[in-house]
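One structure is given below, encoded as structure tokens.
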Amino acid sequence: MLTNLKAQTLVEKEVPVYTLPSLTILNNGQEIKTAKVWENKRRDEIIALLKNEMYGTMPEKPKRMAFKVFDVDSNALNGKATRKQVRVIFDKKVDSVFMDILIYIPNKSRQPVPLILGLNFAGNQEALNDPKIKITESWVAKKSKGAINNKASEASRGYSTDVFPIERMIDEGYAAATIYAGDINPDYFNLTNAVQSLYLKLQNRKDNFSTIGAWAWGLSRAMDYFEKDNQIDEKRVVLTGLSRLGKAALWAGALDQRFAIVISTESGKGGDALFKREFGESVDRIIKVFPQWFCANFNKYANNVAQMQFDQHMVLALVAPRPLYIGTAQEDLNEDPKGEFLSLKAAEPIYKLYGFKGLPINEFPKVNSPVHNEKMGFHLREGKHGITAYDWDNYFVFIKSRL
Ligand code: GCU
């Protein structure tokens with residue numbers, strides 16, 4: 001057990017000097033000079049390191065998955081969209097372990113349509129006030145809107161439409177899909193939960209699992225479904241996520257190159273911010289408060305970031321050469337906005353291997369001044385932790401010319 005919880009630093013001058021592990025030096029000490037060697041060697045080394053030390057190992061794509069479309073309505077959103085609800089059963093033989101994907105497809109757009117995907121915090125029913133959306137029966141956190149004994153209720157319908165603005169996506173010509181993260185794995189520590197139980201049964205391992213890994217794995221299973229749905233263009237899927245769900249989106253986007261664009265909003269430590277820059281949430285705190293998020297090996301870095309041979313710039317670099325955008329907020333110090341920016345900057349060498357330029361700035365940008373190049377984007381908006389119309393305005397601009 002952790003007894004010595006290191007206080008979080010929120011004072012810039014107290015940030016100690018740190019050195020990031022290199023992206024371009026192979027384990028054998030050689031420096032890589034080409035995208036090919038990155039792809040064939042260094043990428044795999046980094047993935048192995050991150051799996052082993054942080055996010056855990058997940059099973060391969062299951063062989064016996066089933067997709068059950070249990071709802072189709074072409075008159076959703078006053079006729080603007082077709083709603084589909086699809087149950088993904090990860091292993092046909094264990095039909096109690098599944099996730100439900102809620103999808104809206106614009107009726108006006110030429111199909112197959114590009115799609116924006118994001119996990120949600122407390123059930124698909126929160127995504128839109130549409131009485132046809134199935135209310136999740138999975139565990140939800142007590143503090144979720146309208147939760148009764150950790151179960152979602154009618155009161156939560158449409159509660160978080162701003163977080164993932166489905167109607168706006170439809171109006172902009174994109175399909176929208178969301179999945180409750182807790183269908184894949186509930187957000188508390190219990191080694192017999194949902195996908196975790198399936199995984200342990202499949203792999204007979206107990207030591208190297210993480211909930212963020214499970215969520216990321218679930219996002220890839222959604223992609224498996226999109227590949228089979230001919231209304232959706234699986235080559236143009238934008239993966240998004242806020243906070244802890246941004247951590248999962250980044251890890252999924254890092255591993256699964258089928259995702260065309262990755263957008264992370266305030267995913268902070270364990271997502272896009274550098275742990276070694278000891279500002280904001282510390283490893284000690286994240287492990288103590290959220291022991292389920294990372295695998296058991298990660299515990300050894302509590303009070304010990306200097307020993308980490310990895311950091312979050314590696315996760316961002318794995319997204320290269322695909323477009324990557326980070327949105328963050330000035331008052332969200334826990335997630336360390338500057339550490340998110342520096343992490344993106346530290347991922348640039350890999351984009352450069354592919355012949356792309358770095359971001360056009362080197363200093364942490366001013367508030368409300370988005371910055372882009374062909375492949376990377378960043379903004380620091382005013383305000384607190386969360387996601388706002390300003391964030392989405394910028395994401396739509398970024399997506400439009402890159403998808
Ligand atoms: C906490 C946690 C963060 C996380 C956030 C969220 O603030 O410390 O690491 O990103 O929750 O998911 O909302």
Side-chain angles (χ1 to χ4, degrees), residues 2 5-10 50 54-55 118-123 126-127 139-145 147 159-160 162-164 178-189 210-216 218-219 239-254 262-295 298-299 301-302 305 308 311-312 315-316 325-341 343-344 380-381 383-388 391:
L2 289 164
L5 182 65
K6 191 168 177 178
Q8 301 189 76
T9 309
L10 294 175
L50 291 168
M54 192 173 181
Y55 298 106
L119 295 172
N120 64 65
F121 288 88
E126 285 203 349
W139 174 98
V140 296
K142 265 203 197 82
K143 61 169 199 237
S144 312
K145 171 78 181 169
Y159 180 65
S160 59
D162 297 342
V163 173
F164 192 70
T178 187
I179 303 158
Y180 173 39
D183 271 6
I184 307 167
N185 230 52
D187 196 6
Y188 65 93
F189 192 77
S210 83
T211 295
I212 287 177
W215 292 339
L219 287 165
L239 182 53
T240 67
L242 167 66
S243 290
R244 66 199 69 187
L245 305 181
K247 304 184 208 296
L250 279 173
W251 183 228
V262 183
I263 299 177
S264 150
T265 308
E266 295 153 29
S267 62
K269 304 295 167 115
D272 52 19
L274 299 167
F275 273 118
K276 283 179 182 276
R277 198 186 108 83
E278 292 184 76
F279 183 102
E281 190 165 30
S282 59
V283 175
D284 322 34
R285 179 187 188 267
I286 212 166
I287 290 171
K288 180 131 192 193
V289 183
F290 308 101
Q292 69 278 20
W293 282 358
F294 305 106
C295 70
F298 191 59
N299 293 343
Y301 300 107
V305 284
M308 290 167 82
D311 210 334
Q312 303 311 115
V315 178
L316 304 186
Y325 195 106
I326 289 177
T328 191
Q330 197 178 24
E331 292 171 44
D332 192 7
L333 297 181
N334 182 55
E335 315 279 350
D336 186 14
K338 187 168 177 188
E340 294 176 308
F341 172 74
S343 184
L344 187 62
L380 172 74
R381 73 160 161 78
K384 295 189 174 31
H385 186 68
I387 186 164
T388 66
D391 295 314

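Numbering of ligands and ligand atoms starts at 1, following listing order.
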Check: ligand 1 versus Leu245, non-hydrogen atoms closer than 4.0 Å: side chain, backbone, both, neither?
Finding: neither
Note to self: Distance under 4.0 Å to a non-hydrogen atom of Phe290: what atoms of ligand 1 satisfy this?
What the structure shows: 1 (C), 2 (C), 8 (O)
Note to self: Which residue and atom name correspond to the protein heavy atom nearest atom 6 (C) of ligand 1, and how close is it?
What the structure shows: Ser243 CB, 3.0 Å
Check: Can you find an N/O atom of Lys269 closer than 3.5 Å to an N/O atom of ligand 1?
Finding: no
Item checked: Distance-only N or O hit between ligand 1 and Arg285, under 3.5 Å -> yes
Check: Who pairs with Asp311 by salt bridge (charged side-chain N to carboxylate O under 4.0 Å, His left out), at least two apart in sequence or on another chain?
Finding: none
Next item on the list: Verify the ring-centre separation between Trp293 and Tyr55: is it less than 6.0 angstrom?
Entry: no
Notebook entry, point to check: How about Asp391 and Thr265: does a side-chain donor come under 3.5 Å of a side-chain acceptor?
Noted result: no
Next item on the list: Check each atom of ligand 1 against the heavy atoms of Asn334 and keep those under 4.0 Å away; list them by number with element.
Entry: 2 (C), 3 (C), 7 (O), 8 (O)
Item checked: Nitrogen or oxygen atoms of Trp293 and ligand 1 under 3.5 Å apart -> no
Note to self: Using a 4.0 Å cutoff against the non-hydrogen atoms of Lys247, which atoms of ligand 1 qualify?
What the structure shows: 3 (C), 4 (C), 9 (O), 10 (O)
Check: So which of Glu266, His385, Glu281, Glu335 gets nearest to atom 9 (O) of ligand 1, if we judge by its closest heavy atom?
Finding: Glu281
Margin query: Checking side-chain polar atoms at under 3.5 Å, does Ser243 have a donor or acceptor matched by the opposite partner on Glu266?
Written below: no
Item checked: Under the side-chain hydrogen bond (donor to acceptor under 3.5 Å, both in side chains) test, residues paired with Tyr159 that sit two or more places apart -> none
Next item on the list: With heavy atoms only and a cut-off of under 4.0 Å, state how Arg244 meets ligand 1: side chain, backbone, both or neither.
Entry: both
Check: Would you say the side-chain atoms of Asp272 and Ser264 include a donor-acceptor pair closer than 3.5 Å?
Finding: yes
Margin query: Using the ring centroid of each side chain, check whether Phe275 and Phe298 are separated by less than 6.0 Å.
Written below: yes
